[in-house]
Amino acid sequence: MRVALALLAVLPVGPGQAHPAPDQGTVQAVTVVDDRGHTVLFAQPPQRIVSLLPALTESVCALGACDRLVGVDRYSRHPESVRTLPVLGGGLDPNIEAVLALRPDVVLAAVSTRAVPRLEALGLRVVALEPQTRADVQRVLQRLEAMLRGPASDMQLHGDLRSAHVVWQQIEQGMQAAAARLPVQARGVRVFFEVGQGPYAAGPQSFIGETLQRLGVHNVVPEQLGPFPRLAPEFVLRADPDILMTGVQAAGLAYPGWSGMRAVRQGRICRFDAQAADVLVRPGPRMAEAAALMAQCIADHVPPAPPQQTH
């Protein structure tokens, strides 16, 4: 998953540590269980948020809380408003001092972020969430909404927030619409999606692979290889996909023998620019937009049907 993050021993909170339980006599606590299984407590919904993963940045904004962000990682570029915020380095290796200086109520980070233990040792609350599948995206939206909104009894205080259910329904409807626009002859077309130089591929278990499946095409990467496997170039050559999808972070055609593939010879290649690639590699609220990009690529490059034999 680190490839997606580039494109894209945690200290538990317990007795005697940096995060005392909130005063239950005055404010009902906000409780969030993150992807490490750690329970993170807040006296009230956090108002100053640092996000160190683009998918989490976009999810916070999709839920209507962009104004609570005070700093982001260098890869968080959407929506436009976050580009004015302090940039705190990479998601995996942020500038710890810069994060501390912002006095955040919470730091949102990937589970794989190396800085998580140090951030918590310095007294910061960290919620580690790392969506890798469509189900993960839905779950992360729900947990972020719970953190942003607070207890059900306080929901009227945060009426400006959007429901995770509504955001998810919009994603689902957008993906269904993208699939519906594809011509019938696109069904079962064999696709290879390169996410990084190696080649690293989007396997069927990844959120990208799941989107390809929703579009009704066949991913040439075997499911047992995992979500983002590194493949031998010869494997792709033998698989001989009908369509190649590649982005600016990938090597594209710079592999031995690939120039001889049918997809290359016949021009069935989608080279996504930086803006499109930024959409495609984010497991978050823009997945419907990513589906539309993939669907357009497929529709534009469907192989011609073989000629019918006459008797």
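Values below: every heavy atom of this structure, side chains too, minus hydrogens, waters and symmetry copies.
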> Is it true that a side-chain atom of Arg262 and a backbone atom of Asp240 form a donor plus acceptor pair closer than 3.5 Å?
Replying inline: yes

> Taking Arg265 for the side chain and Gly260 for the main chain, is one N or O donor matched with an acceptor at less than 3.5 Å?
Replying inline: yes

>> If I compare all heavy atoms of Ser163 with all of Glu145, which pair ends up nearest, and what's the gap?
In response: CA-OE2, 3.6 Å

>> Taking Val72's backbone N and O only, do any of them form a donor-acceptor pair with Ser76's side chain (distance below 3.5 Å, no angle check)?
In response: no

>> Before you tell me yes or no, could you show the steps for Ser112 and Glu130 under side-chain hydrogen bond (donor to acceptor under 3.5 Å, both in side chains), namely the whole-Å CA-CA distance, both residues' side-chain angles and the distance that decides it to 0.1 Å?
In response: CA-CA 8 Å; Ser112 53; Glu130 194 161 323; 3.2 Å; yes

> Could you walk me through whether Gln197 and Tyr255 pass the side-chain hydrogen bond (donor to acceptor under 3.5 Å, both in side chains) check?
Replying inline: CA-CA 10 Å; Gln197 186 171 354; Tyr255 300 109; 5.6 Å; no

> Any sub-3.5 Å donor-acceptor pair from Arg48's side-chain atoms to Leu102's backbone N or O?
Replying inline: yes

> Are side-chain heavy atoms of Asp242 and Val191 found at a separation under 4.5 Å?
Replying inline: no

> Would you find a donor on one side and an acceptor on the other, under 3.5 Å apart, between the side chain of Gln173 and the backbone of Ile171?
Replying inline: no

> Got Gln138 and Glu172 here, is their nearest side-chain heavy-atom distance under 4.5 Å?
Replying inline: no

>> Ignoring hydrogens, what is the shortest heavy-atom contact between Pro131 and Leu53? Give both atom names and the distance.
In response: CD-CD2, 4.2 Å

> At their closest point, which heavy atom of Val279 faces which heavy atom of Ala290, and how far apart are they?
Replying inline: CG1-N, 3.6 Å

> Is the Trp258 ring parallel, tilted or perpendicular to the Phe192 ring (thresholds 30°, 60°)?
Replying inline: perpendicular

>> Minimum heavy-atom separation for Ala65 and Leu161, please, with both atom names.
In response: CB-CD2, 3.9 Å

> Are side-chain heavy atoms of Leu129 and Leu144 found at a separation under 4.5 Å?
Replying inline: yes

> Counting distance only, does the side-chain N/O of Thr113 pair as donor-acceptor with the main-chain N or O of Gly91 below 3.5 Å?
Replying inline: yes

>> I'd like to know if the side chain of Arg83 reaches the main chain of Arg77, judged simply by a donor and an acceptor atom lying under 3.5 Å from each other, with no hydrogens or angles considered.
In response: yes

>> If you define the side chain from C-beta out and look only at heavy atoms, does anything of Cys61 sit under 4.5 Å from Leu69?
In response: yes

Please list, one pair per line, the donor and acceptor atoms closer than 3.5 Å that link side chains of residues 217-234 to other protein atoms, with sequence neighbours excluded.
from	atom 1	to	atom 2	distance (Å)
Asn219	OD1	Val221	N	3.0
Asn219	ND2	Ala202	O	2.9

> Below 4.0 angstrom, N of the basic side chain to O of the carboxylate: do Arg143 and Asp35 qualify?
Replying inline: yes

> Between Arg286 and Asp278, is there a side-chain N and carboxylate O pair less than 4.0 Å apart?
Replying inline: yes

